[in-house]
Amino acid sequence: IYNAHSYHTKVPHKAIMRYILHYTEPGDVVFDGFCGTGMTGVAGALCEELGTQRTPHVSHAVQGQRFTILSDLSPIATFIASNLLRPFARSSFLSALEKVCGDVENDFGHLYRTQHTGWRVRDRKHVEHKAYEHRGEKWGSVEFTLYSDVVRCPECSSEITYYEVAVDEQNDALRKDIRCPQCNAVVPETKWEPVYSTVFDPILNRTIRQLRIEPVLINYTVGSTRYEKLPDAHDKALSEEAAQLLRSVGLPPIALIPGRETQRNAPIGITHLHHFFTPREHLFIAALLRRILDIGDIDIRFALLFALTATLPYASRLRRFRADRKGGGPLSGTLYVSSLVTPPHVIKTFKRNAATIADCLTPPVDPRRGHIISTQSAGHLANIPSNSVDYIFTDPPFGHNFDYSELNFFWE
DNA sequence: GATCTTGTAGCATCGATCAC
DNA sequence: GTGATCGATGCTACAAGATC
């Protein structure tokens with residue numbers, strides 16, 4: 001449950017349960033005015049099911065649900081909390097998931113097809129990185145595309161991708177001192193200059209100036225084997241097709257609010273929400289969102305929206321490439337966009353997140369609905385009657401360590 | 001079936017750089 | 001010169017496919 005949806009600051013529900021089980025009785029009311037993702041609510045509800053995989057072992061605990069009142073200022077926080085605690089029908093959720101994903105696949109699935117001309121990932125250190133002829137299957141399914149910043153040599157002004165000069169594939173590392181392939185000058189990594197280009201933004205319907213990024217590597221699957229390839233003309237054509245389709249399907253233009261995190265990427269031209277996404281991934285997110293919002297059943301609609309917000313950071317340019325290929329993903333607590341990013345196959349990522357959520361919420365956490373969630377300030381709690389709370393468990397905001405409202409804006 | 005490889009996810013650490 | 005910040009990287013855990 002803890003991993004169903006990421007958030008900047010979460011307290012594991014198993015840790016909270018130890019306090020609640022110690023200090024309260026079944027039926028008591030627990031209040032959390034800074035509920036965040038609602039882990040206090042999960043903890044209170046799961047006091048009903050001690051001895052399962054999702055509860056801690058606590059000796060001498062009195063089993064039985066504790067009721068919770070949860071509130072938070074942030075809409076995405078209470079949205080996450082409410083989805084962890086609302087009724088969840090696994091089979092309906094999974095069939096709606098298949099329907100939505102199938103529809104989007106039918107419309108745009110071909111954009112993730114790529115010609116099978118690469119090398120196996122496990123051979124990447126031993127073979128030349130070039131286009132190969134393969135017998136049998138001619139097509140693969142893209143897993144992720146590696147995009148790189150374009151940089152300029154300060155000595156000779158030649159332009160090249162950061163990936164080509166900085167990534168040492170043999171040693172799984174980034175080079176500190178980079179040799180320019182044009183003029184042979186050795187220039188520290190930090191001295192290479194960013195290259196900007198003026199491009200047409202179909203969502204803003206005007207030209208914008210952005211840091212130039214280029215696809216440099218495609219990781220794809222044939223059968224169940226991973227391959228890598230250099231992007232070719234077909235891949236480039238599909239990328240342009242995705243950008244064209246955005247005119248009719250794209251997300252609405254939403255300017256990023258003022259703030260340290262929201263504006264940290266303004267110098268490289270990320271000024272609106274959709275700039276966090278590469279065109280193809282933007283298209284799939286927008287198409288999924290449209291179909292989900294059309295679903296009539298509110299529980300299914302919210303559960304799928306929940307899976308979509310859980311997917312957003314991983315489907316965006318926040319997903320970092322690591323030269324050592326360990327870990328990766330967004331850097332938590334920031335909206336930092338790296339020079340090397342790996343936006344993945346959105347449908348596959350969405351389905352993986354949805355499957356995790358389905359597993360976490362089966363059985364539903366709070367079938368008795370013993371909780372109240374509201375989006376409000378903890379400074380005005382007049383709607384809670386006096387002497388109605390037995391225990392307060394709260395984990396207040398981390399001061400200036402996290403810019404909550406800005407980080408949450410990305411989802412909200 | 002055991003072990004290795006690849007990938008995902010999360011959090012902590014620490015050296016380089018920056019602001020003052 | 002120094003403290004704060006940035007962001008690459010160290011490390012853990014886990015899952016699933018590939019290989020022997």
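Just so it is clear: chains get the letters A, B, ... in the order the sequence lines come, proteins before strands, and each one is counted from 1.
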Below 3.5 Å, can you tabulate the donor-acceptor pairs from side chains in residues 36-44 of chain A to any protein atom, sequence neighbours excluded?
from	atom 1	to	atom 2	distance (Å)
A:T40	OG1	A:D32	OD2	2.6

Could you run down the sub-3.5 Å N/O contacts of the protein with nucleotides 6-10 of chain C?
from	atom 1	to	atom 2	distance (Å)
C:dG7	OP2	A:R264	NH1	2.7
C:dA8	OP1	A:Y336	OH	2.5
C:dA8	OP2	A:Y336	OH	3.1
C:dG10	N7	A:R322	NH2	2.9
C:dG10	O6	A:R322	NH1	3.0

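- Taking A:Y23 as the reference, A:Y391 meet the ring pair (Phe, Tyr, Trp, His ring centres under 6.0 Å) condition, with sequence neighbours excluded.
- Closest non-hydrogen pair, A:V167 versus A:A323, comes out as CG1-CB, 4.4 Å.
- In this view, A:R368 and A:E48 satisfy the salt bridge (charged side-chain N to carboxylate O under 4.0 Å, His left out) rule, not counting sequence neighbours.
- The distance between atom CG of A:N219 and atom C1' of C:dG17, rounded to the nearest whole Å, is 14 Å.
- Applying the ring pair (Phe, Tyr, Trp, His ring centres under 6.0 Å) definition to pairs two or more places apart or across chains, those involving residues 58-106 of chain A are A:F79-A:F302, A:F88-A:F93.
- In this structure, A:Y220 places its OH atom 15 Å from P of B:dT6, rounding to the nearest Å.
- Listed nucleotides: C:dT19, B:dT8, B:dT6. Nearest to the side chain of A:F144: B:dT8.
- Applying the ring pair (Phe, Tyr, Trp, His ring centres under 6.0 Å) test to every pair with at least one member in residues 333-364 of chain A, sequence neighbours left out, gives these pairs: A:Y112-A:H345.
- In this entry the distance linking CD of A:E143 with P of B:dG7 reads 9 Å, nearest Å.
- Where the helix from B:dG1-C:dC20 to B:dC20-C:dG1 starts and where it ends, the local axes point in directions that differ by 30°; five pairs per end, rounded to 10°.
- Residue pairs meeting the ring pair (Phe, Tyr, Trp, His ring centres under 6.0 Å) criterion with at least one partner in residues 212-233 of chain A, sequence neighbours excluded, are A:H116-A:Y220, A:H116-A:Y227, A:H134-A:Y227, A:Y220-A:Y227.
- Atom CZ in A:R319 sits roughly 10 Å away from atom P in B:dG7 (whole-Å rounding).
- Rounding to whole angstrom units, CZ of residue A:R226 and C1' of C:dT19 are separated by 18 Å.
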List the atom pairs, with distances to 0.1 Å, where a side-chain N or O of residues 192-200 of chain A and a protein N or O form a donor-acceptor pair under 3.5 Å, not counting sequence neighbours.
from	atom 1	to	atom 2	distance (Å)
A:W192	NE1	A:V187	O	3.3
A:Y196	OH	A:P267	O	3.2

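- At the heavy-atom level, A:R120 lies under 4.0 Å from the strands shown only through sugar-phosphate atoms.
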